There are 2 protein chains.
Amino acid sequence: MPEISELSIAALTRVLEDFTRMHIRLPAGRRLSFTTLSVLHTLAGDGPKRLTELAGSEQVTQSAITQMVTKLEREGLVERHPDPSDGRAVLVQVTAAGAAIVDGRRAERVARLTDLADRLTEPERAAIALALPALARMVELHSAAIGDPPIERGDGEGDSGMDTPRDSARR
Amino acid sequence: MPEISELSIAALTRVLEDFTRMHIRLPAGRRLSFTTLSVLHTLAGDGPKRLTELAGSEQVTQSAITQMVTKLEREGLVERHPDPSDGRAVLVQVTAAGAAIVDGRRAERVARLTDLADRLTEPERAAIALALPALARMVELHSAAIGDPPIERGDGEGDSGMDTPRDSARR
DNA sequence: GAAACTTAATTAAGTTACTGATACAGTTCG
DNA sequence: CGAACTGTATCAGTAACTTAATTAAGTTTC
């Protein structure tokens, strides 16, 4: 016998795809590329990282990361520091200005979602609230499988770093 | 007095950001750009569209769409047809091969989410199932606000068209 | 019904963000 | 110490965009 409320993965997939599109289309104030915003997000969330670590987590080549970090450094959004434990390595750290960009984009998303949630009924909001821990656990299970760092999730996290194609390419 | 289960938008935002990242990083078999996959998804979901409509929904210039559609046409993934109601316009339609790509990527996402959901407890899955309609309604409210077409949602939908940066640029 | 304007698509030239290959400095290991 | 390995930087090339200009069809105005 099937459960009372059987979870339709197909439906879940579609809803998540739609939210992804919503996030992706969020316009950015500054003209930063897709990958660039993702890097800022990662650094703001996980703390300083090596270039090779970033290359792995963003799935671009190490060469691309070097070039991007050079550009971000010129713009004052990240800083390069020598790694005390390995003379070859560089630790990239987000600056206050860089973190502000991440926070700003997060705030836009929160504002948008707040607006939408306000227009739901109270039981609808409650249903989402009750599902959040389970959804968060799916993300956790995924990260664990991928081998990501176990990510401190107290606060000051996030920004999936996504951007519209227009933002990436313009100017 | 606050409700029993108050919905934390901040928490919801973070979870959705994480899912976005999960989707974005999904590797693609073919080497199609970020925007290209998004266009295929839109066409597979909404049916034939004009170039200008696509330019609007994908947030790139019309010129970019023209070039992309030309390339997709060469690869047999879309077809151009004259618009019977307007001699200036062109209707772009996804081919079976194009739809297969969209479906394939959707299937990968479903597989991944299925795997994760299997590792949840039964109450967790039930909680997500109960929240799905509310989440879907948030998406609907968003589309309505943006002015998107009201999207037929029977089946054969989806693929948020997202891709890794690596996929976009390689080869 | 012709002139002026608007809209849809294409074409051309330039920019940017990536890739791949290579060079080189710093580590690790025999 | 020298050989192999690892982390970063550099260089040349490519793909996906941009803006600007062109062509063609449709709409408006008188």
Side-chain angles (χ1 to χ4, degrees), chain A residues 24 27-28 30-40 48-75 77-93 161-171, chain B residues 24 27-28 30-40 48-75 77-93 161-171:
Chain A
I24 296 276
R30 294 187 77 146
R31 302 298 163 199
L32 297 168
S33 85
F34 181 90
T35 308
T36 301
L37 284 163
S38 188
V39 164
L40 284 179
K49 283 204 172 203
R50 293 184 178 190
L51 293 181
T52 36
E53 285 181 288
L54 284 174
S57 73
E58 306 306 331
Q59 304 202 15
V60 292
T61 59
Q62 173 265 318
S63 175
I65 295 287
T66 295
Q67 297 170 55
M68 171 190 315
V69 166
T70 301
K71 208 183 126 204
L72 285 174
E73 204 177 21
R74 276 201 305 267
E75 297 175 18
L77 302 178
V78 303
E79 286 169 356
R80 257 184 249 246
H81 298 293
D83 184 339
S85 74
D86 187 336
R88 299 163 300 178
V90 169
L91 287 176
V92 187
Q93 184 169 20
M162 297 304 109
D163 209 347
T164 65
R166 172 169 221 108
D167 295 323
S168 328
R170 252 229 240 141
R171 209 272 112 110
Chain B
I24 296 277
R30 294 187 76 144
R31 301 300 163 196
L32 297 167
S33 83
F34 181 90
T35 308
T36 301
L37 284 163
S38 189
V39 164
L40 284 180
K49 283 204 172 203
R50 293 183 178 193
L51 293 179
T52 36
E53 287 181 288
L54 284 174
S57 72
E58 308 306 332
Q59 303 201 16
V60 292
T61 59
Q62 198 186 55
S63 176
I65 296 287
T66 294
Q67 298 170 55
M68 171 190 315
V69 166
T70 300
K71 209 183 126 205
L72 285 174
E73 204 177 21
R74 275 201 305 267
E75 296 175 19
L77 302 178
V78 303
E79 287 169 356
R80 258 185 249 244
H81 299 292
D83 184 339
S85 74
D86 187 337
R88 298 165 301 178
V90 168
L91 288 176
V92 187
Q93 183 168 21
M162 297 304 109
D163 208 347
T164 66
R166 171 170 221 106
D167 294 323
S168 328
R170 249 229 244 143
R171 205 268 118 100

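Naming: A, B, ... by sequence-line order, numbering from 1 per chain. Only a predicted model underlies this, so the values are computations on that prediction, with no experimental measurement involved.
- Protein atom CG of B:Leu37 is 13 Å distant from nucleotide atom C1' of D:dA16, rounded to whole Å.
- Considering only side-chain N and O atoms, A:Arg80 lies under 4.0 angstrom from the phosphate OP1 or OP2 of D:dA9.
- OP1 or OP2 of D:dA9 has not a single side-chain nitrogen or oxygen of A:Ser63 nearer than 4.0 Å.
- Rounding to whole angstrom units, CZ of residue B:Phe34 and P of C:dT19 are separated by 15 Å.
- Remark: P of C:dA13 and CD of B:Gln67 are 13 Å apart, rounded to the nearest angstrom.
- In terms of phosphate contacts, B:Thr66 brings a side-chain nitrogen or oxygen within less than 4.0 Å of OP1 or OP2 of C:dT10.
- Here the P atom of nucleotide C:dA9 and the CG atom of B:Asp83 are 8 Å apart, to the nearest Å.
- To the nearest 0.5 Å, atom CD of residue B:Glu53 and atom CG of residue B:Leu91 are 8.0 Å apart.
- Atom CD1 of B:Ile65 is separated from atom P of C:dA9 by 10 Å (rounded to the nearest Å).
- Contact annotation: B:Ser33 side-chain N/O to D:dA15 OP1/OP2 distance is not under 4.0 Å.
- Toward the 5' end of DNA chain D, the nearer of the two residues B:Ala64 and A:Glu53, judged by each one's closest nucleotide, is A:Glu53.
- In this structure, the side chains of B:Arg50 and B:Asp86 come closer than 4.5 Å at one or more pairs of heavy atoms.
- Judged as a salt bridge (charged side-chain N to carboxylate O under 4.0 Å, His left out), and not counting sequence neighbours, the contacts of A:Glu73 are A:Arg80.
- Checking the phosphate oxygens (OP1, OP2) of C:dA8, a side-chain nitrogen or oxygen of B:Arg50 falls inside 4.0 Å.
- The phosphate of D:dA16 has OP1 or OP2 within less than 4.0 Å of a side-chain N or O from B:Lys71.
- Taking only side-chain nitrogens and oxygens, A:Thr61 comes nearer than 4.0 Å to OP1 or OP2 of C:dT19.
- At whole-Å resolution of the value, CE in A:Met68 and C1' in D:dT10 are 17 Å apart.
- The shortest side-chain heavy-atom distance between A:Glu75 and A:Leu32 falls under the 4.5 Å cut-off.
- Between the side chains of A:Gln62 and A:Thr66, at least one donor-acceptor pair of N or O atoms lies under 3.5 Å.
- Regarding B:Gln62, its CD atom lies at a distance of 13 Å from the P atom of C:dT11, rounded to whole Å.
- With respect to A:Val69, the side chain to side chain contact (heavy atoms under 4.5 Å, CB included) criterion is satisfied by exactly one of A:Val90, A:Leu77, A:Leu51: A:Leu51.
- Remark: the A:Thr35 side chain and the A:Glu58 side chain contain no N/O donor-acceptor pair separated by less than 3.5 Å.
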Atom pairs, N/O to N/O, protein against nucleotides 27-30 of chain C, distance under 3.5 Å?
| unit_1 | atom_1 | unit_2 | atom_2 | d |
| --- | --- | --- | --- | --- |
| C:dT27 | OP1 | A:Gly87 | N | 2.8 |

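- The nearest whole Å value for the distance from the CD atom in A:Glu58 to the P atom in C:dA17 is 15 Å.
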